[in-house]
Amino acid sequence: MASEKKIQANRENARASTGPRTVSGKAKASCNSKKHGLSLSVRADPSLLAAVYDLGKTITGEIAHVGLMETARRIAASQLELERIRTVRDVLFSEATKILQSKNFTDFSCAKPLRAIEDVLRQMMPLDRYERRALSRRKSAVRKFDLMRRQIERMQPTLGSGGSINAR
Amino acid sequence: MHNAQRNHYRKRNLMAKKTQTNKTSKSRKAKRDRARIDLFGPPSLLPGESETKYNELFKRVNEELQPTDIFEEFAARDLANAMMDSLRFARLKPELLNGNMYTGMKRVLEPLCNIAVQARVDRIPVMDAEAAAAAWVLSEPIKAAGVEELLDCAGFSTDTIVAETLSSQMDSFEAIDRLETNAQARRYSILREIWRRREIERAASPPVARVSQLTAIENALANDNKKSPKKNGEDLDIEAAPADTDGSRDERKSKAAGE
């Protein structure tokens with residue numbers, strides 16, 4: 001338990017520091033919690049929405065069914081999420097390789113590169129979690145898609161299989 | 001025209017046809033490859049990595065899996081990427097070891113490089129552990145030889161330095177191992193999902209096929225009955241229907257006989 005004197009000192013110190021004051025400082029501090037943006041869904045990114053719709057259309061092929069289209073879009077979103085994670089991982093990979101191959105390693109007094117490789121590896125860890133989740137989402141969406149497609153085909157046997165390579 | 005000449009023309013025509021077919025199949029394959037690239041974008045490569053090697057890996061994965069639809073194409077791509085990741089992590093470990101050899105060497109030399117120890121060995125000059133480790137890593141001839149001699153006297157080998165380096169970077173090695181294991185787990189999970197899906201497709205497809213086959217047969221029967229109403233079912237061309245192995249032909253025969 002902190003003493004009364006220490007608590008008082010902490011309060012005074014806190015009053016002296018009131019966070020960023022300039023506009024640029026405030027703008028920078030507002031982005032403190034942002035790291036890679038991978039926790040955000042692809043569908044929340046307006047620049048990727050068109051890609052989700054396009055890929056969804058490619059997946060459904062000739063079958064026009066609302067439920068199926070929606071599931072296809074879910075698959076497409078998961079796929080694009082995977083691509084996004086892959087891009088981030090590649091950046092980190094290349095950073096790690098650069099660190100290891102850099103000439104700083106021959107500068108023996110410099111301990112910074114070693115810390116950096118640990119940082120890079122630490123940054124790679126959560127990517128696995130995001131990728132596992134995206135893969136799991138895609139897997140369940142594909143299962144649902146297959147089930148729906150089979151049901152539709154049973155009702156309309158003349159329809160071709162959706163998402164075939166030849167349909168593209 | 002002589003027979004020989006005729007044979008020659010026949011052969012030439014056959015060859016021309018073959019080349020044409022090869023050309024079409026090749027162009028189809030190229031078109032399909034282009035479609036794949038359009039769908040996935042260019043392969044994700046690091047600086048210094050060969051695109052040809054990645055394409056070779058992707059091609060071999062595709063040959064092995066023989067993807068039948070877009071989902072399997074996704075899986076093939078993921079599989080190739082997971083394999084690439086495993087290879088990259090495997091490459092990262094020796095790089096990390098080499099890069100930190102200096103730390104390991106320094107840790108080994110520190111207790112040896114005090115004057116008391118070096119005084120016992122006449123030929124070895126007194127040296128600082130840091131400078132000696134740096135000289136050894138950079139292979140400076142004179143100092144490196146002195147370091148080797150000092151290590152020999154202490155009964156240490158290169159394995160000692162590797163072990164020391166490994167222990168100094170244990171956290172990083174563990175992290176790389178974990179990431180590599182995750183990549184492998186991803187690979188197995190993708191493969192498992194492909195087989196599971198194929199099993200389900202296989203189990204689900206025969207009844208659908210049978211229904212379509214039966215419909216075709218029924219249509220054929222109806223047409224034949226219209227053409228020759230006197231004929232019985234046994235004269236109908238049942239062989240024309242698609243072949244099957246699950247006994248539906250017997251059902252059809254009995255059906256035809258019944259009619």
Side-chain angles (χ1 to χ4, degrees), chain A residues 55 58-61 72 75 78-79 82-83 86-87 89-91 93-102 104-109 111 113-114 117-118 120-122 124-125 127-129 131-132 135-136 138-139 141-143 145-147 150 153-154 157-158 161-168, chain B residues 32 35-36 38-41 44-48 67-75 77-78 81 85 88-89 91-92 95-96 98-100 102-103 106 130-131 133-134 137-138 168-169 171-172 174-176 178-179 182-183 185-186 189-190 193 196-197 200-201 204-205 207-208 211-212 215:
Chain A
L55 193 54
T58 315
I59 290 168
T60 44
I75 297 168
S78 311
Q79 183 61 30
L82 285 170
E83 294 287 328
R86 170 136 294 280
T87 314
R89 183 181 285 132
D90 282 354
V91 170
F93 251 129
S94 56
E95 206 178 318
T97 320
K98 254 184 220 166
I99 290 164
L100 288 175
Q101 289 172 348
S102 69
N104 278 342
F105 251 29
T106 51
D107 177 12
F108 301 106
S109 58
L114 303 184
I117 186 84
E118 281 161 12
V120 172
L121 291 172
R122 209 175 297 130
M124 270 190 194
M125 287 288 180
L127 295 186
D128 277 351
R129 201 177 63 235
E131 190 166 20
R132 215 168 34 238
L135 275 172
S136 168
R138 192 183 73 185
K139 187 171 75 180
V142 167
R143 283 181 187 182
F145 183 90
D146 282 342
L147 196 71
R150 272 198 292 274
E153 277 174 0
R154 224 168 278 155
T158 47
S161 62
S164 83
I165 304 162
N166 300 330
R168 293 200 308 269
Chain B
R32 206 163 148 165
R36 265 189 200 133
D38 285 345
L39 185 66
F40 299 116
S44 53
L45 294 169
L46 304 185
T68 50
D69 61 10
I70 195 166
F71 304 131
E72 289 191 5
E73 289 247 334
F74 287 155
R77 175 76 167 193
D78 290 342
N81 285 338
D85 282 351
R88 281 167 183 170
F89 285 124
R91 267 205 316 266
L92 220 57
E95 287 276 344
L96 189 65
N98 279 334
N100 287 292
Y102 161 76
T103 322
K106 204 176 90 178
E130 248 176 69
V137 170
L138 293 172
S168 74
Q169 291 297 315
D171 288 348
S172 299
E174 270 180 0
I176 294 174
R178 219 172 303 142
L179 289 164
N182 286 349
R186 227 166 24 240
S189 141
I190 293 162
E193 186 55 25
R196 196 202 71 89
R197 199 165 163 263
I200 290 175
E201 287 285 329
S205 59
V208 177
V211 166
S212 61
T215 324

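In what follows, every chain begins at residue 1, and chains take the letters A, B, ... in the order their sequences are listed.
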Which is it for Asp146(A) and Phe71(B) under the side-chain contact (heavy atoms from CB on, under 4.5 Å) test, yes or no, and what are the steps along the way?
CA-CA 10 Å; Asp146(A) 282 342; Phe71(B) 304 131; 4.1 Å; yes
Mind running side-chain contact (heavy atoms from CB on, under 4.5 Å) on Asp78(B) and Arg86(A) for me, showing each step along the way?
CA-CA 10 Å; Asp78(B) 290 342; Arg86(A) 170 136 294 280; over 6 Å; no
By side chain to side chain contact (heavy atoms under 4.5 Å, CB included), Glu72(B) pairs with (sequence neighbours left out) Pro67(B), Thr68(B), Asp69(B), Ile194(B), Arg197(B), Arg198(B)
Can you tell which of Val91(A), Thr87(A), Val142(A), Leu135(A) has the highest number of heavy-atom pairs within less than 4.5 Å of chain B?
Val142(A)
Determine, step by step, whether Phe74(B) and Leu82(A) satisfy the side-chain contact (heavy atoms from CB on, under 4.5 Å) criterion, reporting the C-alpha distance in whole Å, the side-chain angles of both residues, the deciding distance to 0.1 Å, and the verdict.
CA-CA 10 Å; Phe74(B) 287 155; Leu82(A) 285 170; over 6 Å; no
Partner set under side chain to side chain contact (heavy atoms under 4.5 Å, CB included) for Arg132(A), not counting sequence neighbours
Arg129(A)
Measure up the Phe89(B) and Phe93(A) rings against each other and bin them: parallel (under 30°), tilted (30 to 60°), perpendicular (over 60°).
tilted
Which atoms of Leu121(A) come close to chain B, meaning under 4.5 Å heavy atom to heavy atom: side chain ones, backbone ones, both, or neither?
both
Validation row: Thr97(A), Glu95(B) side chains within 4.5 angstrom (heavy atoms)
no
Roughly how far, to the nearest 0.5 Å, is CD1 of Ile75(A) from CD1 of Ile70(B)?
9.0 Å
For Asn81(B), which atoms come within 4.5 Å of any heavy atom of chain A: side chain, backbone, both, or neither?
both
Return the minimal non-hydrogen interatomic distance between Glu118(A) and Ser172(B), and the atom names on each side.
CG-OG, 3.2 Å
Residues Asp90(A), Arg88(B): salt bridge by 4.0 Å N-O rule
yes
How many angstroms lie between CZ in Arg138(A) and CD1 in Ile190(B), if you round to the nearest 0.5 Å?
6.5 Å
Heavy-atom distances under 4.5 Å only: say whether Asp85(B) touches chain A with side chain, backbone, both or neither.
both
Contacting moiety of Leu127(A), where chain B heavy atoms sit under 4.5 Å:
neither
Is there a side-chain contact (heavy atoms from CB on, under 4.5 Å) between Arg178(B) and Asp128(A)? Walk through the geometry before answering.
CA-CA 10 Å; Arg178(B) 219 172 303 142; Asp128(A) 277 351; over 6 Å; no
Is Arg143(A) salt-bridged to Glu193(B), going by a charged N under 4.0 Å from an acidic O?
yes
